[in-house]
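Chain naming here is simple, since letters A, B, ... match the order of the sequence lines and numbering starts at 1 in each. Below, each value reflects all heavy atoms present in this structure, side chains not excepted, and no hydrogens, waters or symmetry copies.
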Amino acid sequence: MSAIHFYNTRTRKKEIFRPLKNGQAGIYTCGPTVYGPMHIGNVRSQLFADLLRRFLESEGFAVTHVINITDVGHLVSDADEGEDKMELAAQRAGETAEEIADRYTELWRRDRQAVNCVEPEHNPKATEHIDEQIKLGVKLEEGGYLYRIEDGIYFDIARFPRYTELAGLDLEGQAGAQRIDQVEGKRHPADFAIWKFADPDVRRLQEWESPWGRGFPGWHLECSAMSSRYLGEHFDIHTGGIDLATVHHTNEVAQSECGFGVHPWVEYWLHNEFLDFGGEKMSKSKGNVKTLLDLAERGYDPLAFRYFFLQAHYRQQQTFNDESMEAAARGHSRLVALAADLRGVKDRGDPDKQAAHRTQFREAMADDLNAPKALAVLWDVVRSGKLSSADQRDLLLEFDAVLGLDLAHAERAQEGYESDPRIDGLLKQREAARVSRDFASADRIRDELAAEGVELIDTPEGPRWRRS
RNA sequence: GGCGGCGUAGCCAAGUGGUAAGGCGCGGGCCUGCAAAGCCCUGAUCACCGGUUCGAAUCCGGUCGCCGCCUCCA
(Lines give C-alpha, C1' and ligand atoms only; values in the text may rest on other atoms or scores of the structure.)
Protein backbone atom coordinates (compact mmCIF):
# COMPACT_ATOMS: atom_id res chain seq x y z
CA MET A 1 0.00 0.00 0.00
CA SER A 2 1.58 3.21 -1.07
CA ALA A 3 1.69 6.33 1.05
CA ILE A 4 -0.79 9.17 0.78
CA HIS A 5 0.55 11.97 -1.38
CA PHE A 6 -0.74 15.52 -1.59
CA TYR A 7 0.43 18.34 -3.81
CA ASN A 8 1.73 21.02 -1.47
CA THR A 9 1.54 24.57 -2.78
CA ARG A 10 4.24 25.58 -0.28
CA THR A 11 6.83 23.26 -1.79
CA ARG A 12 5.28 22.84 -5.23
CA LYS A 13 5.63 19.09 -5.07
CA LYS A 14 3.61 16.06 -4.31
CA GLU A 15 4.64 15.02 -0.83
CA ILE A 16 3.94 12.11 1.44
CA PHE A 17 1.37 13.11 4.01
CA ARG A 18 2.83 12.79 7.48
CA PRO A 19 0.51 14.04 10.21
CA LEU A 20 1.90 15.99 13.13
CA LYS A 21 0.12 13.66 15.52
CA ASN A 22 -0.19 9.99 14.68
CA GLY A 23 -3.62 9.07 13.45
CA GLN A 24 -4.92 12.63 13.59
CA ALA A 25 -5.38 15.29 10.96
CA GLY A 26 -6.24 18.95 11.44
CA ILE A 27 -7.73 20.76 8.46
CA TYR A 28 -8.57 24.43 8.14
CA THR A 29 -10.69 25.50 5.19
CA CYS A 30 -11.31 29.10 4.20
CA GLY A 31 -15.06 29.42 4.36
CA PRO A 32 -17.57 31.86 2.99
CA THR A 33 -17.97 35.58 3.44
CA VAL A 34 -21.64 35.54 4.23
CA TYR A 35 -22.97 38.55 2.40
CA GLY A 36 -24.58 36.62 -0.44
CA PRO A 37 -25.32 33.12 -1.69
CA MET A 38 -22.42 30.96 -2.75
CA HIS A 39 -21.99 30.10 -6.38
CA ILE A 40 -20.97 26.74 -7.77
CA GLY A 41 -17.32 27.79 -7.80
CA ASN A 42 -17.53 28.19 -4.04
CA VAL A 43 -19.28 24.84 -3.90
CA ARG A 44 -16.33 23.27 -5.67
CA SER A 45 -14.02 24.49 -2.91
CA GLN A 46 -16.30 23.05 -0.28
CA LEU A 47 -16.56 19.74 -2.12
CA PHE A 48 -12.82 19.56 -2.43
CA ALA A 49 -12.30 20.08 1.30
CA ASP A 50 -15.01 17.54 2.02
CA LEU A 51 -13.43 14.97 -0.30
CA LEU A 52 -10.15 15.47 1.55
CA ARG A 53 -11.73 14.97 4.96
CA ARG A 54 -13.70 11.94 3.82
CA PHE A 55 -10.63 10.31 2.34
CA LEU A 56 -8.52 10.90 5.43
CA GLU A 57 -11.30 9.44 7.54
CA SER A 58 -11.46 6.40 5.32
CA GLU A 59 -7.74 6.02 5.97
CA GLY A 60 -8.47 5.88 9.67
CA PHE A 61 -7.53 9.41 10.66
CA ALA A 62 -9.42 11.24 13.38
CA VAL A 63 -10.12 14.46 11.47
CA THR A 64 -10.70 17.86 13.01
CA HIS A 65 -12.07 20.07 10.29
CA VAL A 66 -12.48 23.79 10.85
CA ILE A 67 -14.32 26.00 8.39
CA ASN A 68 -14.63 29.65 9.30
CA ILE A 69 -17.53 31.96 8.65
CA THR A 70 -16.37 35.41 7.66
CA ASP A 71 -19.07 37.72 8.85
CA VAL A 72 -17.03 40.90 8.98
CA GLY A 73 -14.28 42.88 7.45
CA HIS A 74 -13.87 42.24 3.77
CA LEU A 75 -13.83 45.25 1.55
CA VAL A 76 -15.63 45.61 -1.71
CA SER A 77 -12.71 46.84 -3.73
CA ASP A 78 -9.32 48.51 -3.87
CA ALA A 79 -6.24 47.69 -1.93
CA ASP A 80 -7.29 48.85 1.48
CA GLU A 81 -10.16 51.15 0.94
CA GLY A 82 -13.70 50.96 -0.20
CA GLU A 83 -16.85 49.75 1.37
CA ASP A 84 -17.21 46.70 3.48
CA LYS A 85 -19.17 43.88 1.82
CA MET A 86 -21.12 43.09 4.92
CA GLU A 87 -21.94 46.72 5.53
CA LEU A 88 -22.99 47.25 1.94
CA ALA A 89 -25.24 44.20 1.84
CA ALA A 90 -26.82 45.31 5.10
CA GLN A 91 -27.48 48.80 3.80
CA ARG A 92 -29.04 47.51 0.63
CA ALA A 93 -31.34 45.11 2.39
CA GLY A 94 -32.15 47.50 5.18
CA GLU A 95 -31.02 44.94 7.69
CA THR A 96 -28.25 44.68 10.21
CA ALA A 97 -24.98 43.04 9.28
CA GLU A 98 -25.84 40.29 11.70
CA GLU A 99 -29.16 39.55 10.04
CA ILE A 100 -27.48 39.35 6.66
CA ALA A 101 -24.76 37.11 8.04
CA ASP A 102 -27.22 34.78 9.72
CA ARG A 103 -29.31 34.41 6.62
CA TYR A 104 -26.44 33.55 4.31
CA THR A 105 -24.70 31.38 6.87
CA GLU A 106 -27.86 29.32 7.03
CA LEU A 107 -28.08 29.19 3.25
CA TRP A 108 -24.45 28.10 3.06
CA ARG A 109 -25.10 25.30 5.53
CA ARG A 110 -28.09 24.11 3.56
CA ASP A 111 -26.13 24.13 0.31
CA ARG A 112 -23.39 22.11 1.92
CA GLN A 113 -25.93 19.61 3.17
CA ALA A 114 -27.52 19.44 -0.26
CA VAL A 115 -24.23 18.26 -1.75
CA ASN A 116 -23.72 15.91 1.19
CA CYS A 117 -20.75 17.57 2.87
CA VAL A 118 -19.84 16.24 6.28
CA GLU A 119 -20.39 18.78 9.06
CA PRO A 120 -17.08 20.32 10.12
CA GLU A 121 -16.09 19.85 13.75
CA HIS A 122 -15.87 23.62 14.17
CA ASN A 123 -17.57 26.40 12.26
CA PRO A 124 -16.31 29.55 14.00
CA LYS A 125 -17.49 33.05 13.18
CA ALA A 126 -15.05 35.93 12.91
CA THR A 127 -17.24 38.23 14.99
CA GLU A 128 -17.19 35.75 17.84
CA HIS A 129 -13.40 35.64 17.86
CA ILE A 130 -12.46 39.28 18.00
CA ASP A 131 -10.55 38.76 21.23
CA GLU A 132 -8.38 36.07 19.69
CA GLN A 133 -7.66 38.36 16.76
CA ILE A 134 -6.70 41.26 19.00
CA LYS A 135 -4.50 38.95 21.04
CA LEU A 136 -2.58 37.89 17.95
CA GLY A 137 -2.29 41.53 16.94
CA VAL A 138 -0.81 42.37 20.30
CA LYS A 139 1.75 39.57 19.96
CA LEU A 140 2.74 40.90 16.57
CA GLU A 141 3.04 44.40 17.96
CA GLU A 142 5.26 43.16 20.78
CA GLY A 143 7.43 41.43 18.23
CA GLY A 144 7.85 44.71 16.38
CA TYR A 145 6.12 43.56 13.21
CA LEU A 146 3.55 46.31 13.08
CA TYR A 147 3.46 50.01 12.43
CA ARG A 148 0.77 52.60 12.76
CA ILE A 149 -0.45 54.97 10.10
CA GLU A 150 -3.45 57.19 9.91
CA ASP A 151 -6.09 54.64 9.07
CA GLY A 152 -4.85 51.60 10.89
CA ILE A 153 -2.19 49.23 12.16
CA TYR A 154 -0.23 47.47 9.44
CA PHE A 155 2.02 44.45 9.13
CA ASP A 156 5.48 45.30 7.85
CA ILE A 157 6.36 42.56 5.39
CA ALA A 158 10.00 43.70 5.35
CA ARG A 159 10.22 42.11 8.80
CA PHE A 160 9.34 38.71 7.34
CA PRO A 161 11.87 37.59 4.72
CA ARG A 162 9.91 34.45 3.90
CA TYR A 163 6.94 36.52 2.82
CA THR A 164 7.07 35.41 -0.82
CA GLU A 165 7.64 31.72 -0.09
CA LEU A 166 4.14 30.25 -0.15
CA ALA A 167 3.04 31.68 -3.47
CA GLY A 168 6.47 32.08 -5.04
CA LEU A 169 5.91 35.78 -5.43
CA ASP A 170 8.16 38.20 -7.24
CA LEU A 171 7.34 41.47 -5.50
CA GLU A 172 9.67 43.46 -7.70
CA GLY A 173 8.09 42.11 -10.82
CA GLN A 174 4.63 42.64 -9.51
CA ALA A 175 5.39 46.29 -9.08
CA GLY A 176 4.68 46.54 -12.78
CA ALA A 177 1.05 45.72 -12.19
CA GLN A 178 -1.33 48.58 -12.57
CA ARG A 179 -2.23 48.79 -8.95
CA ILE A 180 -4.75 51.30 -7.91
CA ASP A 181 -5.00 53.60 -4.96
CA GLN A 182 -2.28 52.77 -2.54
CA VAL A 183 -3.12 53.58 1.01
CA GLU A 184 -1.27 56.69 2.06
CA GLY A 185 1.63 55.87 4.36
CA LYS A 186 2.12 52.17 3.73
CA ARG A 187 5.79 51.28 3.59
CA HIS A 188 5.30 48.57 0.99
CA PRO A 189 2.30 47.98 -1.27
CA ALA A 190 1.98 44.45 0.09
CA ASP A 191 1.84 45.54 3.73
CA PHE A 192 -1.58 44.63 5.06
CA ALA A 193 -3.90 45.80 7.80
CA ILE A 194 -4.09 44.06 11.14
CA TRP A 195 -6.54 46.58 12.55
CA LYS A 196 -8.45 49.34 10.84
CA PHE A 197 -9.59 52.42 12.72
CA ALA A 198 -13.21 53.36 12.63
CA ASP A 199 -13.82 56.50 10.65
CA PRO A 200 -15.54 58.89 13.03
CA ASP A 201 -17.55 60.28 10.12
CA VAL A 202 -18.87 56.92 8.97
CA ARG A 203 -21.34 54.96 10.98
CA ARG A 204 -20.40 51.29 10.82
CA LEU A 205 -22.43 48.44 12.14
CA GLN A 206 -19.44 46.34 13.06
CA GLU A 207 -16.89 47.99 15.36
CA TRP A 208 -15.00 46.88 18.43
CA GLU A 209 -12.71 48.36 21.04
CA SER A 210 -9.04 47.42 20.85
CA PRO A 211 -5.71 48.49 22.36
CA TRP A 212 -5.24 50.59 19.22
CA GLY A 213 -8.60 52.23 19.32
CA ARG A 214 -12.10 51.58 18.09
CA GLY A 215 -12.29 49.79 14.76
CA PHE A 216 -12.36 46.37 13.17
CA PRO A 217 -9.84 43.62 12.41
CA GLY A 218 -7.91 43.32 9.19
CA TRP A 219 -9.33 40.83 6.77
CA HIS A 220 -6.67 38.14 7.04
CA LEU A 221 -6.35 38.05 10.80
CA GLU A 222 -9.37 35.89 11.57
CA CYS A 223 -8.05 32.78 9.87
CA SER A 224 -4.83 32.82 11.85
CA ALA A 225 -6.65 33.53 15.09
CA MET A 226 -9.39 30.95 14.68
CA SER A 227 -7.23 28.16 13.31
CA SER A 228 -4.89 28.44 16.29
CA ARG A 229 -7.83 28.38 18.67
CA TYR A 230 -9.19 25.11 17.29
CA LEU A 231 -6.17 23.40 15.73
CA GLY A 232 -3.22 24.84 17.60
CA GLU A 233 -0.49 27.16 16.39
CA HIS A 234 0.95 24.55 14.07
CA PHE A 235 -1.30 22.22 12.12
CA ASP A 236 -1.50 19.83 9.20
CA ILE A 237 -3.55 21.07 6.28
CA HIS A 238 -4.97 24.37 5.08
CA THR A 239 -7.23 24.44 2.03
CA GLY A 240 -8.79 27.11 -0.13
CA GLY A 241 -9.25 28.29 -3.68
CA ILE A 242 -6.10 28.92 -5.72
CA ASP A 243 -6.87 32.64 -5.82
CA LEU A 244 -6.35 32.89 -2.08
CA ALA A 245 -2.73 31.76 -2.21
CA THR A 246 -1.12 34.99 -3.36
CA VAL A 247 -2.62 37.45 -0.94
CA HIS A 248 -4.84 35.98 1.73
CA HIS A 249 -2.82 32.90 2.54
CA THR A 250 0.50 34.65 2.11
CA ASN A 251 -0.60 37.18 4.69
CA GLU A 252 -1.95 34.49 6.99
CA VAL A 253 1.45 32.83 6.92
CA ALA A 254 3.25 36.09 7.66
CA GLN A 255 1.18 37.02 10.69
CA SER A 256 1.01 33.45 11.99
CA GLU A 257 4.67 32.56 11.69
CA CYS A 258 5.66 35.88 13.24
CA GLY A 259 2.97 35.85 15.88
CA PHE A 260 3.27 32.21 16.91
CA GLY A 261 6.98 31.85 16.23
CA VAL A 262 6.62 28.73 14.11
CA HIS A 263 7.81 27.56 10.72
CA PRO A 264 6.20 26.19 8.84
CA TRP A 265 2.93 27.28 10.38
CA VAL A 266 0.97 24.89 8.15
CA GLU A 267 2.53 21.69 6.86
CA TYR A 268 0.44 21.19 3.74
CA TRP A 269 -1.26 23.88 1.68
CA LEU A 270 -3.82 22.44 -0.73
CA HIS A 271 -5.52 24.69 -3.26
CA ASN A 272 -8.30 23.86 -5.65
CA GLU A 273 -8.43 25.31 -9.16
CA PHE A 274 -11.31 27.28 -10.55
CA LEU A 275 -14.26 26.28 -12.61
CA ASP A 276 -13.84 27.46 -16.20
CA PHE A 277 -16.90 28.99 -17.76
CA GLY A 278 -15.32 29.26 -21.16
CA GLY A 279 -14.03 32.77 -20.89
CA GLU A 280 -17.24 34.13 -19.50
CA LYS A 281 -16.14 35.16 -16.05
CA MET A 282 -18.83 34.53 -13.53
CA SER A 283 -19.72 37.81 -11.95
CA LYS A 284 -22.78 39.36 -10.50
CA SER A 285 -22.59 42.35 -12.76
CA LYS A 286 -22.93 40.05 -15.76
CA GLY A 287 -25.81 38.26 -14.14
CA ASN A 288 -24.32 34.87 -14.82
CA VAL A 289 -23.56 33.76 -11.30
CA LYS A 290 -24.60 30.16 -10.97
CA THR A 291 -25.79 28.65 -7.73
CA LEU A 292 -27.12 25.26 -6.71
CA LEU A 293 -30.55 26.84 -6.75
CA ASP A 294 -30.11 27.79 -10.41
CA LEU A 295 -29.16 24.21 -11.17
CA ALA A 296 -32.16 22.93 -9.24
CA GLU A 297 -34.43 25.15 -11.30
CA ARG A 298 -33.06 23.44 -14.37
CA GLY A 299 -33.89 20.08 -12.84
CA TYR A 300 -30.46 19.14 -11.56
CA ASP A 301 -30.03 17.33 -8.27
CA PRO A 302 -27.34 19.03 -6.15
CA LEU A 303 -25.68 15.62 -5.95
CA ALA A 304 -25.40 15.63 -9.73
CA PHE A 305 -23.15 18.63 -9.24
CA ARG A 306 -21.11 16.64 -6.76
CA TYR A 307 -20.78 13.95 -9.42
CA PHE A 308 -19.74 16.66 -11.87
CA PHE A 309 -17.09 17.79 -9.40
CA LEU A 310 -15.73 14.26 -9.03
CA GLN A 311 -15.20 13.92 -12.76
CA ALA A 312 -12.20 16.24 -12.78
CA HIS A 313 -9.11 16.53 -10.62
CA TYR A 314 -9.35 19.32 -8.04
CA ARG A 315 -6.13 20.96 -9.23
CA GLN A 316 -7.33 21.30 -12.81
CA GLN A 317 -9.57 24.00 -14.09
CA GLN A 318 -12.84 22.28 -14.90
CA THR A 319 -15.05 23.34 -17.75
CA PHE A 320 -18.60 24.01 -16.74
CA ASN A 321 -21.16 24.41 -19.49
CA ASP A 322 -24.60 23.13 -20.36
CA GLU A 323 -23.24 20.08 -22.09
CA SER A 324 -20.80 19.02 -19.39
CA MET A 325 -23.39 19.49 -16.64
CA GLU A 326 -25.97 17.51 -18.59
CA ALA A 327 -23.48 14.70 -19.19
CA ALA A 328 -22.68 14.57 -15.49
CA ALA A 329 -26.36 14.54 -14.54
CA ARG A 330 -27.04 11.59 -16.83
CA GLY A 331 -24.08 9.65 -15.55
CA HIS A 332 -25.11 10.42 -12.01
CA SER A 333 -28.68 9.29 -12.43
CA ARG A 334 -27.59 6.02 -14.01
CA LEU A 335 -25.27 5.40 -11.14
CA VAL A 336 -28.05 6.14 -8.69
CA ALA A 337 -30.35 3.70 -10.48
CA LEU A 338 -27.70 0.99 -10.35
CA ALA A 339 -27.07 1.68 -6.69
CA ALA A 340 -30.78 1.49 -5.96
CA ASP A 341 -30.93 -1.99 -7.49
CA LEU A 342 -27.82 -3.15 -5.67
CA ARG A 343 -29.23 -1.96 -2.38
CA GLY A 344 -31.81 -4.71 -2.57
CA VAL A 345 -29.21 -7.46 -2.81
CA LYS A 346 -29.21 -9.59 0.32
CA ASP A 347 -26.30 -11.92 -0.34
CA ARG A 348 -22.98 -11.56 1.41
CA GLY A 349 -19.93 -10.44 -0.49
CA ASP A 350 -16.58 -12.13 -0.79
CA PRO A 351 -13.78 -9.81 0.40
CA ASP A 352 -11.17 -11.75 -1.58
CA LYS A 353 -12.91 -10.99 -4.83
CA GLN A 354 -13.20 -7.32 -3.90
CA ALA A 355 -9.61 -6.76 -2.89
CA ALA A 356 -8.14 -5.78 -6.25
CA HIS A 357 -10.77 -3.11 -6.88
CA ARG A 358 -10.49 -1.82 -3.37
CA THR A 359 -6.78 -1.34 -3.87
CA GLN A 360 -7.22 0.44 -7.20
CA PHE A 361 -9.68 2.87 -5.72
CA ARG A 362 -7.56 3.54 -2.70
CA GLU A 363 -4.42 4.05 -4.77
CA ALA A 364 -6.20 6.58 -6.95
CA MET A 365 -7.34 8.60 -3.96
CA ALA A 366 -3.98 8.31 -2.21
CA ASP A 367 -2.38 9.92 -5.26
CA ASP A 368 -3.37 13.50 -4.49
CA LEU A 369 -7.09 12.73 -4.43
CA ASN A 370 -7.49 11.54 -7.99
CA ALA A 371 -11.25 11.38 -7.87
CA PRO A 372 -11.82 10.97 -11.63
CA LYS A 373 -9.67 7.87 -11.57
CA ALA A 374 -11.44 6.61 -8.46
CA LEU A 375 -14.77 7.20 -10.13
CA ALA A 376 -13.62 5.15 -13.11
CA VAL A 377 -12.83 2.29 -10.72
CA LEU A 378 -16.35 2.58 -9.38
CA TRP A 379 -17.82 2.30 -12.88
CA ASP A 380 -15.63 -0.70 -13.61
CA VAL A 381 -16.97 -2.39 -10.51
CA VAL A 382 -20.56 -1.58 -11.19
CA ARG A 383 -20.40 -2.75 -14.81
CA SER A 384 -18.17 -5.71 -14.16
CA GLY A 385 -19.47 -9.03 -15.41
CA LYS A 386 -17.18 -10.90 -13.06
CA LEU A 387 -18.21 -9.54 -9.69
CA SER A 388 -21.30 -10.76 -7.90
CA SER A 389 -24.01 -8.25 -7.10
CA ALA A 390 -23.11 -8.55 -3.44
CA ASP A 391 -19.49 -7.66 -4.15
CA GLN A 392 -20.58 -4.76 -6.33
CA ARG A 393 -22.82 -3.50 -3.56
CA ASP A 394 -20.10 -3.76 -0.91
CA LEU A 395 -17.56 -1.91 -3.02
CA LEU A 396 -20.03 0.70 -4.15
CA LEU A 397 -21.00 1.64 -0.63
CA GLU A 398 -17.44 1.58 0.59
CA PHE A 399 -16.22 3.84 -2.21
CA ASP A 400 -19.13 6.16 -1.73
CA ALA A 401 -18.15 6.82 1.86
CA VAL A 402 -15.27 8.72 0.24
CA LEU A 403 -17.02 10.10 -2.85
CA GLY A 404 -20.07 11.23 -0.90
CA LEU A 405 -22.80 10.68 -3.48
CA ASP A 406 -25.09 9.26 -0.80
CA LEU A 407 -25.61 6.06 -2.78
CA ALA A 408 -26.56 4.23 0.39
CA HIS A 409 -29.91 5.97 0.11
CA ALA A 410 -30.22 5.74 -3.65
CA GLU A 411 -33.71 5.24 -5.00
CA ARG A 412 -34.92 4.83 -8.50
CA ALA A 413 -36.52 8.02 -9.73
CA GLN A 414 -40.12 8.06 -8.55
CA GLU A 415 -41.25 5.57 -11.20
CA GLY A 416 -44.27 3.56 -10.18
CA TYR A 417 -44.46 5.25 -6.83
CA GLU A 418 -46.84 7.88 -8.01
CA SER A 419 -50.46 7.10 -8.28
CA ASP A 420 -53.13 9.12 -9.92
CA PRO A 421 -56.57 7.66 -10.57
CA ARG A 422 -56.90 9.28 -13.96
CA ILE A 423 -53.44 8.28 -15.20
CA ASP A 424 -53.67 4.81 -13.75
CA GLY A 425 -57.00 4.46 -15.49
CA LEU A 426 -55.50 5.48 -18.82
CA LEU A 427 -52.73 2.97 -18.28
CA LYS A 428 -55.31 0.22 -17.84
CA GLN A 429 -57.07 1.28 -21.02
CA ARG A 430 -53.78 1.15 -22.86
CA GLU A 431 -53.02 -2.31 -21.51
CA ALA A 432 -56.43 -3.49 -22.64
CA ALA A 433 -55.79 -2.07 -26.10
CA ARG A 434 -52.42 -3.75 -26.26
CA VAL A 435 -53.84 -7.11 -25.27
CA SER A 436 -56.39 -6.84 -28.05
CA ARG A 437 -53.55 -5.72 -30.35
CA ASP A 438 -55.16 -2.35 -30.94
CA PHE A 439 -51.78 -0.63 -31.03
CA ALA A 440 -53.09 2.53 -32.59
CA SER A 441 -55.22 3.22 -29.51
CA ALA A 442 -52.45 2.16 -27.17
CA ASP A 443 -49.96 4.52 -28.79
CA ARG A 444 -52.46 7.36 -28.79
CA ILE A 445 -52.82 7.08 -25.03
CA ARG A 446 -49.06 7.01 -24.63
CA ASP A 447 -48.67 10.07 -26.82
CA GLU A 448 -51.32 11.96 -24.91
CA LEU A 449 -49.63 11.25 -21.62
CA ALA A 450 -46.25 12.18 -23.06
CA ALA A 451 -47.71 15.50 -24.12
CA GLU A 452 -48.47 16.31 -20.50
CA GLY A 453 -45.05 15.19 -19.35
CA VAL A 454 -45.87 11.68 -18.20
CA GLU A 455 -43.43 9.08 -19.40
CA LEU A 456 -44.43 5.43 -19.63
CA ILE A 457 -42.05 2.63 -18.90
CA ASP A 458 -43.06 -0.93 -19.65
CA THR A 459 -41.46 -3.39 -17.27
CA PRO A 460 -41.80 -7.12 -16.74
CA GLU A 461 -44.01 -6.26 -13.77
CA GLY A 462 -46.30 -4.17 -15.90
CA PRO A 463 -46.38 -0.54 -16.98
CA ARG A 464 -45.08 2.23 -14.76
CA TRP A 465 -45.01 5.97 -15.20
CA ARG A 466 -43.22 9.02 -14.00
CA ARG A 467 -43.28 12.69 -14.66
CA SER A 468 -40.31 13.78 -16.71
C1' G B 1 5.13 43.89 -16.33
C1' G B 2 5.39 39.50 -12.78
C1' C B 3 3.46 34.56 -11.29
C1' G B 4 0.75 30.04 -12.46
C1' G B 5 -2.19 26.56 -15.30
C1' C B 6 -4.16 24.42 -19.71
C1' G B 7 -4.60 22.67 -25.09
C1' U B 8 -5.98 14.35 -25.22
C1' A B 9 -11.95 11.37 -29.57
C1' G B 10 -18.54 15.49 -30.84
C1' C B 11 -18.52 17.18 -25.19
C1' C B 12 -16.41 16.54 -20.05
C1' A B 13 -11.92 14.21 -18.50
C1' A B 14 -7.75 10.52 -16.38
C1' G B 15 -2.90 9.31 -17.97
C1' U B 16 3.42 12.86 -17.30
C1' G B 17 9.08 7.93 -20.94
C1' G B 18 7.24 1.87 -23.29
C1' U B 19 2.25 1.99 -28.55
C1' A B 20 -4.15 6.21 -24.89
C1' A B 21 -8.95 5.12 -17.98
C1' G B 22 -13.88 6.55 -17.24
C1' G B 23 -18.57 9.33 -18.03
C1' C B 24 -21.94 11.68 -21.67
C1' G B 25 -23.36 11.94 -26.77
C1' C B 26 -23.41 9.69 -31.86
C1' G B 27 -23.87 4.99 -34.53
C1' G B 28 -25.03 -0.38 -34.44
C1' G B 29 -27.23 -4.60 -31.84
C1' C B 30 -30.39 -7.21 -28.02
C1' C B 31 -35.10 -6.55 -25.73
C1' U B 32 -40.15 -4.44 -27.32
C1' G B 33 -46.20 -4.89 -31.29
C1' C B 34 -43.53 -0.05 -31.75
C1' A B 35 -41.12 2.98 -28.32
C1' A B 36 -38.93 4.37 -23.67
C1' A B 37 -35.81 2.38 -19.94
C1' G B 38 -32.04 -1.21 -19.50
C1' C B 39 -27.98 -4.20 -21.40
C1' C B 40 -23.99 -5.15 -25.12
C1' C B 41 -20.73 -3.38 -29.01
C1' U B 42 -18.38 0.80 -31.21
C1' G B 43 -14.35 5.83 -31.94
C1' A B 44 -8.67 9.34 -30.83
C1' U B 45 -1.78 8.76 -31.65
C1' C B 46 -2.70 13.13 -27.81
C1' A B 47 -2.67 22.10 -30.73
C1' C B 48 1.59 22.85 -34.24
C1' C B 49 7.08 22.73 -35.44
C1' G B 50 11.89 21.06 -34.09
C1' G B 51 15.05 18.31 -30.63
C1' U B 52 16.63 14.39 -26.83
C1' U B 53 15.81 8.94 -26.61
C1' C B 54 16.00 2.21 -28.75
C1' G B 55 11.18 4.35 -27.59
C1' A B 56 7.37 10.58 -25.97
C1' A B 57 0.77 12.52 -25.30
C1' U B 58 4.40 12.20 -21.43
C1' C B 59 11.40 15.36 -21.30
C1' C B 60 13.76 20.03 -23.73
C1' G B 61 13.25 24.47 -27.12
C1' G B 62 10.02 27.38 -30.13
C1' U B 63 5.10 28.87 -32.25
C1' C B 64 -0.15 29.49 -31.89
C1' G B 65 -4.53 29.42 -28.84
C1' C B 66 -7.24 29.49 -24.09
C1' C B 67 -7.77 30.36 -18.71
C1' G B 68 -6.51 32.13 -13.81
C1' C B 69 -3.85 35.19 -10.11
C1' C B 70 -1.05 39.79 -8.94
C1' U B 71 -7.39 44.33 -5.89
C1' C B 72 -12.53 41.48 -2.30
C1' C B 73 -12.76 36.84 -4.85
C1' A B 74 -13.39 29.50 -4.58
Would you tabulate the side-chain donor-acceptor contacts of residues 326-340 of chain A under 3.5 Å, counting partners in other chains and residues two or more places apart, or write 'none'?
from     : atom 1 : to       : atom 2 : distance (Å)
A:Glu326 : OE1    : A:Tyr300 : OH     : 2.5
A:Glu326 : OE2    : A:Arg330 : NE     : 3.0
A:Ser333 : OG     : A:Arg330 : O      : 3.3

Atom NE2 of A:His271 and atom P of B:G4 are separated, to the nearest Å, by 15 Å
May I have the distance from A:Lys373 (atom NZ) to B:A21 (atom C1'), rounded to whole angstrom?
-> 8 Å
Which atom pairs link the protein and nucleotides 26-32 of chain B when you take only N or O atoms and keep those under 3.5 Å?
none

Does B:G17 have a Watson-Crick or wobble mate here (both distances under 3.5 Å), and if so which one?
-> none
Looking across every strand, which nucleic acid part, if any, lies under 4.0 Å from A:Arg315 by heavy atom: base, sugar-phosphate, or nothing?
-> nothing
Partner nucleotide of B:C48 by Watson-Crick or wobble geometry (both distances under 3.5 Å) = B:G62
Distance below 4.0 Å between A:Asn42 side-chain N/O and B:C73 OP1 or OP2 | no
With heavy atoms under 4.0 Å as the rule, sort A:Arg444 into base, sugar-phosphate or nothing.
-> nothing
Report yes if the ring of A:Phe439 lies under 5.5 Å from the six-membered base ring of B:G33 with planes under 30°, and no otherwise.
-> yes
Between A:Ala312 and A:Glu273, which has a closest nucleotide on RNA chain B that is more 5'?
-> A:Ala312
Grab the OH-C1' distance between A:Tyr307 and B:C11 for me, whole Å please.
-> 14 Å
Output yes when at least one side-chain N/O atom of A:Arg334 is less than 4.0 Å from OP1 or OP2 of B:C24, else no.
-> yes
Under the criteria of a ring-centre distance below 5.5 Å and an interplanar angle below 30°, is A:Phe274 stacked with the base of B:A74?
-> yes
